[in-house]
Amino acid sequence: LSLRPPPQDFDEEPNRQKRKLQRLVEKVTGNLPTRGNSVELLRNASRAYPEMLRTIAEAQHHVHLEMYIFRTDETGEQFIDALVAAVKRGVEVRLLLDSVGCVGVDLARLRPLQELGGRVEFFAPLRLRPLTQRLNFRNHRKILVVDGISAFVGGLNIGDEYLGLDPTLGNWRDTSLKLCGRAANHVQLVFMEDWCYVTDEVLAGGVYFNTEDGAGEATVQILPSGPDLEWGAIHHAFFRAIAGADQRVYITSPYFVPDSTMFDALTTSALAGIDVRLVVPSRSDLRLVAAAGRTYFSELLEAGVRIFEYQAGFIHAKTVVIDDWAALLGSANMDIRSFRLNFEINAIVYDHEFVQAAAEVFAMDLAHSREVTLAECRRRNLPTRFFEGVARLMSPLL
């Protein structure tokens, strides 16, 4: 019996870690990584919205738009007008909205789109759901697919506040991804499954799928997750990615409430000498969630995780950068709700140039952030600690 290790190939460690993550995602979602995609990082709605509207304006066969929040304000009207114009050109338009996220939508403003033949549907209508399911199992995905060729995923909903027009939150920092190529087919499948769940309509035919590469070199793997899957796909992928890091883990999350597994992944990586950094909002639109997240700060800081609070408005981007070989971005927060309860979608981009661009955006956010210290965490007064402790107890529900 030989105790010598088995022969190994001569690939570098990052390539082995990348393959492990790819195999995991394939196992839990069925999605293979696809090559030959073009990818574009869109920082903020001021860049993402014009590109989305331009892509809709160029649609020739179909536009599939799925949103957690869709405001019927001035920004929403721009998208409604673009969808109406598409229908008038003979393009199939399907708009899928979450019934909780869009509870205040003005249905009258959507009627012109419907009267022309555009389809508007709501995911899990409130009247058909018991109380527990009204709050949980929400469709938190943000998807746009045009002609099966171009797809958008990210953290952006549609509304004026995402352009920084909310006087309470001020500047809104977000990140979206535009991809062209065969990876768009996997985004399309996610939309089609959600559409079928709501309407029982099966969208079939090659016209909905792209057989061409996206004139790029990026490898992309689409990572959907939700309570309909056997495994918590995004939770497992985040853990595998963090565990596979050798140099750096850069995380941006507007809502940070880790479970014990993710907490251990972060602290273990930091204790091993990996540069683990976390950017969260300084002020949040969900005060209870922010308070629950701060209860983890002391232990994370003790382990060596560096934590930064964004000062230039509200940061809503949801990104993870791993070394120089992977960037994960999409709709999922680093919290229990995204890991267990919501329907989410992320993209994993395995491309050195894109990962470097994501790291540079992270550095830009750090420049507008204040680093949290262990001393200030320990100085929090009793009422603050009490409020945060109550929030921590409620964290499985947040």
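All heavy atoms count here, side chains included; hydrogens, waters and symmetry mates do not.
Transitive grouping of hydrophobic side chains (ILVMFWY, heavy atoms separated by less than 4.5 Å) keeps Leu41 and Met364 in distinct clusters. Placement of Val321 and Val276 in two distinct hydrophobic clusters is found when ILVMFWY residues are connected by side-chain heavy-atom separations under 4.5 Å, directly or transitively. Linking ILVMFWY residues whenever their side-chain heavy atoms come closer than 4.5 Å, directly or via other members, leaves Leu229 and Met192 in distinct clusters. Linking ILVMFWY residues whenever their side-chain heavy atoms come closer than 4.5 Å, directly or via other members, places Val145 and Val349 in the same cluster. Residues Leu278 and Phe308 are members of separate hydrophobic clusters, defined by side-chain heavy-atom contacts under 4.5 angstrom among Ile, Leu, Val, Met, Phe, Trp and Tyr.
Shown here for Leu156 and Ser176, the closest heavy-atom pair between the two residues is CD1-OG, 3.5 Å. Between Ser331 and Lys142 the shortest heavy-atom distance is CB-CD, 4.0 Å. The two residues Ala358 and Ala327 come nearest to each other via the heavy atoms CB-CB, 4.2 Å. Closest heavy-atom contact between Ala332 and Ile234: CB-CD1, 3.7 Å. Nearest heavy atom pair, residue Asp246 against residue Ile274, reads O-CG1, 3.8 Å. Taking both residues in full, the closest heavy atoms of Val279 and Tyr310 are given as CG1-CB, 4.3 Å, listed atom of the first, atom of the second, then distance.
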Query - side-chain contact (heavy atoms from CB on, under 4.5 Å) between Thr55 and Met52, worked out - result: CA-CA 5 Å; Thr55 306; Met52 294 168 73; 5.8 Å; no

Requested in this report: Please lay out, stage by stage, how Leu163 and Trp172 fare under the test side-chain contact (heavy atoms from CB on, under 4.5 Å).
Outcome: CA-CA 6 Å; Leu163 287 165; Trp172 190 285; over 6 Å; no

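Remark: the Glu376 side chain and the Thr373 side chain contain an N/O donor-acceptor pair separated by less than 3.5 Å. Between the side chains of Asp147 and His61, no donor-acceptor pair is found at a separation under 3.5 Å. The closest side-chain donor-acceptor pair between Thr34 and Asn37 falls under 3.5 angstrom. Looking only at atom types and distance, the side chain of Glu121 has no donor-acceptor partner in the side chain of Thr199 under 3.5 Å away. No donor-acceptor contact under 3.5 angstrom links the side chains of Gln60 and Arg89, judged on distance only. Asp259 and His235 share a side-chain donor-acceptor pair at under 3.5 Å. For the residue pair Ser338 and Glu344, a side-chain donor N or O sits within less than 3.5 Å of a side-chain acceptor on the partner. Under the 3.5 Å distance criterion, with hydrogens and angles disregarded, a donor-acceptor pair is assigned to the side chains of Tyr250 and Asp275. For the 3.5 Å distance criterion, the side chains of Trp195 and Glu201 qualify, holding a donor opposite an acceptor. Gln221 and Tyr350 form a side-chain donor-acceptor contact under 3.5 Å, judged by distance and modelled atom types alone.
Other residues, nucleotides and ligands contribute at most 12 non-hydrogen atoms within 6.0 Å of the CZ atom of Phe239.
Side-chain rings of Trp325 and His352 stay apart, their centers remaining 6.0 Å or farther from each other. The aromatic ring centres of Tyr208 and His62 sit less than 6.0 Å apart.
Here OH of Tyr49 is found 6.0 Å from CD1 of Ile158. Values are rounded to the nearest 0.5 Å. Note that CG of Asp194 is 4.0 Å distant from CD of Glu66, once rounded to the nearest 0.5 Å. Between atom CG of residue Leu328 and atom CG of residue Leu177 there is a gap of 11.0 Å, rounded to the nearest 0.5 Å. To the nearest 0.5 Å, the span separating CZ on Arg138 from CZ on Phe343 amounts to 9.0 Å. One finds the CG atom of Leu32 at 11.5 Å from the OG1 atom of Thr219 (value rounded to the nearest 0.5 Å).
Without hydrogens or angle criteria, Asn44 side chain to Arg47 main chain gives no donor-acceptor distance under 3.5 Å. At distances below 3.5 Å, not a single donor-acceptor pair connects side-chain atoms of Asn171 with backbone N or O atoms of Gly164. Of the possible donor and acceptor atoms, one in the side chain of Ser253 sits under 3.5 Å from a partner among the backbone N and O of Met334. Here the side chain of Thr268 pairs a donor or acceptor atom with the backbone of Asp264 at under 3.5 angstrom. Ser298 contributes no side-chain N or O that, together with a main-chain N or O of Cys377, makes up a donor-acceptor pair within less than 3.5 Å. The closest donor-acceptor contact from the side chain of Asp106 to the backbone of Ala108 lies under 3.5 Å. Side chain of Asp73 to backbone of Asp160: a donor-acceptor contact under 3.5 angstrom is found.
Electrostatic pairing of Asp365 and Arg43 counts as a salt bridge here, judged by a charged N lying under 4.0 Å from a carboxylate O. Taking the charged nitrogens against the carboxylate oxygens, Glu51 and Arg54 do have a contact shorter than 4.0 Å, which makes a salt bridge. Electrostatic pairing of Glu371 and Arg306 counts as a salt bridge here, judged by a charged N lying under 4.0 Å from a carboxylate O.
Side chains of Glu309 and Val372 form a contact here, defined as non-hydrogen atoms less than 4.5 Å apart.
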